[in-house]
Amino acid sequence: MGLSRRSVLSVIPAATLPAVARTLRARSSDHGDAASSPSRDVAADHATLLRNTVALFAGTTESNTRPETSPRIASILTTARARLAAWDDAGQDELFEGVPLGASDVNLSLSYQYLYEIALAARLPGTGDPLGDGDAVRRRVVDGLAHLYNAYFGNQAQGYYGNWFHWEIGIPAYVTRTFVLLGDVLALDRPGLAADYTTSMDAYLRKGRDGDVDLDSRFHTGANLADITTNRVLQGAVLGDDARIRKAVADQLTVLATVDPYALRHGVTDGFYADGSFVQHACVAYTGSYGKGLLTRVVQTVKILDGTGYVPLDSLVGVVRDWVAHGFAPLIFEGWMMEIVKGRAVSRTGTGYGDVTAVVEAVVDLSAYTTGGDTAALEGYVKYVRQASKAAPDAASFVSPVSIVRYADILNSAAPAKDLVPSASHTTYNAMDRTVHRRPGYAFALARSSERISTYEYMNGENLTPWFQGAGAHYLYLSGEDQRQSFGVDYFTAVSPCRLAGVTAPAETRRTVPELYGTLWYDNPGRGFTASSESQNAYVYFPRGGNVFSGGVRLGDCGVAGFVQSDDAAYTAQQAGELPDDFVAHRNARATKSWFMLDDEIVVLAAGVTGAGRRAVTTTIDSRIASPASPVALTGGLRDGTPWRNSATGPTAWLRYADTGRGSVVGYVFLSGPRPVVALGMVTRSRRLIRLSNADTPVRKQVFTLSYDQAADAGPASMAHVLVPHASERQLASYCSHGRPLSVLANTVRLQAIAHSGLGLVAANTFARGTHHVEELSIDGPASVMLRRAPDGRCVIAVSDPTTKRRSVSVTVRGRSLRLLSADEGVRARRVPGGIRLSVRTHHAYGRGFTAALRR
């Protein structure tokens with residue numbers, strides 16, 4: 001049973017959400033006067049909120065005495081004992097051994113984290129007194145908080161160095177949670193400490209306004225806003241400040257609204273879009289990192305507010321349920337979070353399986369607040385991820401012991417395990433330039449970029465070599481595999497950044513930001529470049545592309561995507577003379593590309609491929625990694641039917657990569673273009689090459705690369721090939737036979753199109769103005785179009801505007817007897833000589849697809 005599909009704004013209508021927020025803000029102006037809401041027992045709400053928060057982080061007597069929580073409880077206690085030992089051995093200017101204070105914001109945040117971890121262990125219900133003299137431990141933690149406040153936090157003139165995040169989000173989170181856990185000790189021993197800290201935390205909220213959230217600030221958006229507002233809700237409960245709670249809840253509600261790019265609220269582009277896309281940092285596709293952080297925090301808000309009168313919880317639950325079904329589930333393949341939505345986090349040593357653990361905990365918690373079929377679907381999804389994953393979620397790493405108990409109960413229930421996404425599906429995340437195509441045996445994930453979405457993300461010494469991750473890079477996940485052996489941090493370590501699968505890149509050497517400038521960013525305050533300035537974001541951390549064409553359309557469970565490769569914003573600004581002379585930017589290669597994602601195959605067309613500026617260029621068809629001892633076999637055939645050898649000079653027809661140790665097989669069929677270059681060799685590199693804080697761990701892998709290489713003096717080239725997951729040699733050879741169902745109809749910088757007779761399908765991307773003719777279709781201007789015919793004379797057509805700029809797209813389908821059966825809103829049809837013309841209103845559709853059904 002799938003989740004009932006409701007749009008976010010149908011759960012909290014556009015008119016309702018601001019009204020709820022306005023009401024809460026108006027009440028907050030009453031400064032907590034209980035008389036302003038006589039029907040509410042404010043003190044009871046605060047007590048409930050605090051009790052819920054303790055249960056969230058420390059569990060309950062019931063949860064903590066269940067055997068399933070034993071590993072989590074043991075981990076909490078082991079960590080606390082280690083922190084206490086480090087406290088005992090601390091030296092001068094340290095609260096904990098090895099964590100010197102006074103100049104490092106990271107160490108100050110760590111010190112608060114360690115205090116919180118001790119407080120958590122000292123507050124575990126149902127565990128007796130596991131630390132011994134728990135009262136003394138709790139008082140010691142409160143004294144530690146007082147010491148840090150007096151020596152390092154309370155003085156505004158000395159604080160706020162390093163990363164803003166620690167001062168505005170990280171440290172307040174640890175402090176506030178510790179206050180909640182130890183409220184009784186605070187009240188007796190240091191009754192004014194919470195108020196003093198809160199006053200200072202307000203003062204450190206410098207990205208806000210007057211010590212509060214600023215919804216117009218680019219820092220107070222998405223996951224960051226959820227973190228800040230959750231901290232402020234808990235601060236209000238600790239202080240008995242109802243106005244603070246109401247204002248914080250109202251502010252957090254804004255992250256629940258679907259982003260409308262044509263009617264932005266507070267200018268914010270961060271958040272979830274109508275197609276399920278999630279964006280953070282204004283232009284980074286980020287579901288797999290910041291998105292899961294937002295999911296976690298909002299679900300925790302639901303748990304914290306349960307039983308209080310601040311907001312109807314069913315409103316929050318309905319929104320988050322849709323996030324899970326349409327924003328997260330398509331991006332999780334057999335328990336693995338796909339690389340295309342992780343930003344700089346792709347360079348971290350945690351894996352895609354670990355990323356999903358937080359999502360699973362959120363779904364577990366969310367299912368407690370849904371009903372009927374929605375509950376069954378969420379619980380079935382939890383069981384499916386557990387069964388499908390090669391590294392099942394570790395419940396001991398869940399935040400809440402209560403969640404661990406509910407997770408165990410779900411796994412032990414009779415509910416059937418089922419993915420929220422059909423095994424054959426196609427998802428177009430055009431609002432974040434991403435596409436996911438799934439079949440029972442594989443998933444294909446594609447990352448593009450545009451003037452709307454960044455070409456990559458680098459920041460804080462993470463993802464040091466990211467340059468082409470948004471330039472058509474793809475990830476082909478094979479079913480049944482342990483994806484840690486194919487992707488994750490080791491893939492980006494072992495594979496050259498210029499030879500990521502699917503990428504067209506110039507042959508040149510690039511240096512990382514620390515190598516170029518000797519710091520983690522480009523430092524030039526006089527020209528507007530500081531650690532978190534807008535210039536730093538636009539040109540160093542996450543530059544956008546310069547192209548407008550990036551998108552596609554879905555028809556049923558098949559789809560097409562297109563992309564025009566361009567220079568990024570940094571190079572464009574440098575060429576315009578807008579950047580300092582010592583700023584380094586790189587010119588990109590040029591290519592126009594299309595991906596046609598069908599049943600057994602992904603067809604890839606590229607045209608106008610050139611290094612630009614007389615540079616050699618490489619277009620990588622695929623790159624795969626294997627363990628050093630894995631038996632990798634390469635077989636293939638030439639166009640004359642003879643077997644392929646790497647030394648052969650004849651044109652290659654097909655190639656088959658097989659890692660027989662893992663059962664991984666991918667086939668490649670070459671329809672046109674230069675002779676592909678095959679490389680298979682051993683590579684050893686350190687994980688630190690892609691992230692400064694990674695351990696200096698050598699990664700040794702066999703790296704297979706299949707590419708088209710063009711010399712510096714070569715003119716623009718075109719090429720066409722097919723990726724065929726799990727292909728047999730016979731299947732690959734059949735592509736070269738006469739009567740094959742797949743044909744390339746056009747492959748130019750103006751038009752790329754294919755036909756598949758077996759599927760009755762014609763699909764095209766048109767990239768230029770004018771009329772483009774493809775079989776029975778005439779397409780006006782840039783568009784993505786798919787047409788599928790049925791034997792009974794019916795046909796269905798899907799159309800989108802990948803530029804997001806056009807008011808309408810016109811498509812004429814030839815056929816004198818054609819008539820319209822049905823169409824999406826925004827599609828108009830009229831008879832024209834020889835056929836029927838569809839006029840699709842794409843104005844303000846942001847790349848969304850429109851369909852119509854016709855009959856002959």
Side-chain angles (χ1 to χ4, degrees), residues 430 450 547-555 558-566 590-596 603 605-608 672 716 718 720 743-757 760-789 795-820 823-824 826-856:
N430 285 332
S450 66
N547 55 297
V548 297
F549 195 111
S550 178
V553 73
R554 174 181 69 88
L555 181 57
C558 295
V560 57
F563 170 61
V564 176
Q565 191 160 306
S566 68
R590 295 290 184 271
T592 298
K593 293 186 176 182
S594 293
W595 296 262
F596 301 91
V603 184
L605 306 185
S672 64
S718 62
S743 58
V744 176
L745 304 178
N747 187 13
T748 71
V749 295
R750 289 180 51 84
L751 169 65
Q752 294 176 330
I754 67 157
H756 194 293
S757 59
L761 183 71
V762 175
N765 281 321
T766 55
F767 299 93
R769 295 180 179 179
T771 302
H772 309 271
H773 301 286
V774 183
E775 292 203 339
E776 70 263 53
L777 299 175
S778 296
I779 306 165
D780 175 36
S784 291
V785 180
M786 299 182 75
L787 175 72
R788 194 162 190 174
R789 315 177 194 90
C795 63
V796 181
I797 188 169
V799 180
S800 75
D801 166 28
T803 73
T804 73
K805 301 286 189 181
R806 306 189 64 190
R807 298 189 66 85
S808 65
V809 174
S810 294
V811 179
T812 300
V813 186
R814 289 187 291 279
R816 294 183 182 277
S817 60
L818 279 174
R819 57 188 176 89
L820 181 68
D824 288 344
V827 179
R828 292 185 295 108
R830 65 183 180 91
R831 299 291 310 172
V832 294
I836 190 169
R837 178 171 295 167
L838 302 175
S839 179
V840 181
R841 183 174 172 78
T842 55
H843 181 59
H844 284 187
Y846 215 62
R848 176 169 61 90
F850 297 79
T851 62
L854 310 172
R855 180 185 285 279
R856 297 185 185 278

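Quick caveat, the model's predicted, so the values are computed rather than measured.
Residues Pro782 and Phe549 meet the side-chain proximity criterion, which asks for heavy atoms closer than 4.5 Å. Using a 4.5 Å heavy-atom cutoff, the side chains of Ile797 and Val811 are in contact. Residues Phe850 and Thr842 are in side-chain contact: their nearest non-hydrogen atoms beyond the backbone lie under 4.5 Å apart. Put simply, the side chain of Arg554 does not reach to within 4.5 Å of the side chain of Ser800, judged on heavy atoms. Contact annotation: the side chain of Arg855 never approaches that of Leu818 to less than 4.5 Å [non-hydrogen atoms, C-beta and beyond]. Between Arg750 and Arg769 there is no side-chain heavy-atom pair separated by less than 4.5 Å. Contact annotation: the side chain of Trp595 never approaches that of Val603 to less than 4.5 Å [non-hydrogen atoms, C-beta and beyond]. Contact of the Leu605 side chain with the Phe596 side chain is registered, since non-hydrogen atoms from C-beta on lie closer than 4.5 Å.
Rounded to the nearest 0.5 angstrom, Ile779 CD1 and His773 NE2 are separated by 10.0 Å. The structure places CG of Leu787 at 8.0 Å from CG of Leu555, a figure rounded to the nearest 0.5 Å. In this structure, CG on Leu838 lies 8.5 Å from OG on Ser810, to the nearest 0.5 angstrom. Of the inter-residue distances, the one linking His843 atom NE2 with Ser808 atom OG reads 10.5 Å to the nearest 0.5 angstrom. For the atom pair CG of Asn547 and OG of Ser450, the computed distance is 6.0 Å after rounding to the nearest 0.5 Å. Taken to the nearest 0.5 Å, the OG atom of Ser839 stands 8.0 Å off from the CZ atom of Arg830.
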Residues His756, Arg788; criterion side chain to side chain contact (heavy atoms under 4.5 Å, CB included); working and verdict: CA-CA 9 Å; His756 194 293; Arg788 194 162 190 174; over 6 Å; no

Worked verdict on Val809 versus Arg841 for side chain to side chain contact (heavy atoms under 4.5 Å, CB included): CA-CA 7 Å; Val809 174; Arg841 183 174 172 78; over 6 Å; no

Val553 and Val799: CA distance, side-chain angles, deciding distance, side chain to side chain contact (heavy atoms under 4.5 Å, CB included) verdict: CA-CA 6 Å; Val553 73; Val799 180; 5.8 Å; no

From CA spacing to verdict: side chain to side chain contact (heavy atoms under 4.5 Å, CB included), Arg837, Val813: CA-CA 6 Å; Arg837 178 171 295 167; Val813 186; over 6 Å; no

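For Thr804 against Gly847, the heavy-atom pair with the smallest separation is CG2-N, 3.8 Å. Residues Leu854 and Leu820 approach most closely at CD2-CD1, 3.6 Å, considering heavy atoms. Ala753 approaches Ala764 most closely through the heavy-atom pair CB-CB, 3.7 Å. Here the shortest heavy-atom pairing between Gly781 and Thr766 reads O-OG1, 2.6 Å. Residues Gly551 and Asn430 come closest through the heavy atom pair CA-OD1, 3.5 Å.
With sequence neighbours excluded, no residue satisfies salt bridge (Lys or Arg N to Asp or Glu O under 4.0 Å) with Arg819.
In Arg828, the CZ atom is not crowded: 12 or fewer heavy atoms of neighbouring residues, nucleotides or ligands sit closer than 6.0 Å.
For the residue pair Asn747 and Gln752, a side-chain donor N or O sits within less than 3.5 Å of a side-chain acceptor on the partner. Side-chain polar atoms of Asp824 and Thr851 form a donor-acceptor pair below 3.5 angstrom.
Ion pairing between a basic and an acidic side chain is recognised when a charged N comes within 4.0 Å of a carboxylate O; Arg806 and Asp780 show such pairing.
Listed for the Asp801 side chain is no donor-acceptor partner under 3.5 Å among the backbone atoms of Ala845.
Cation-pi geometry between Arg848 and Tyr846 is not satisfied (NZ or CZ under 6.0 Å from the ring centre, within 45° of the ring normal).
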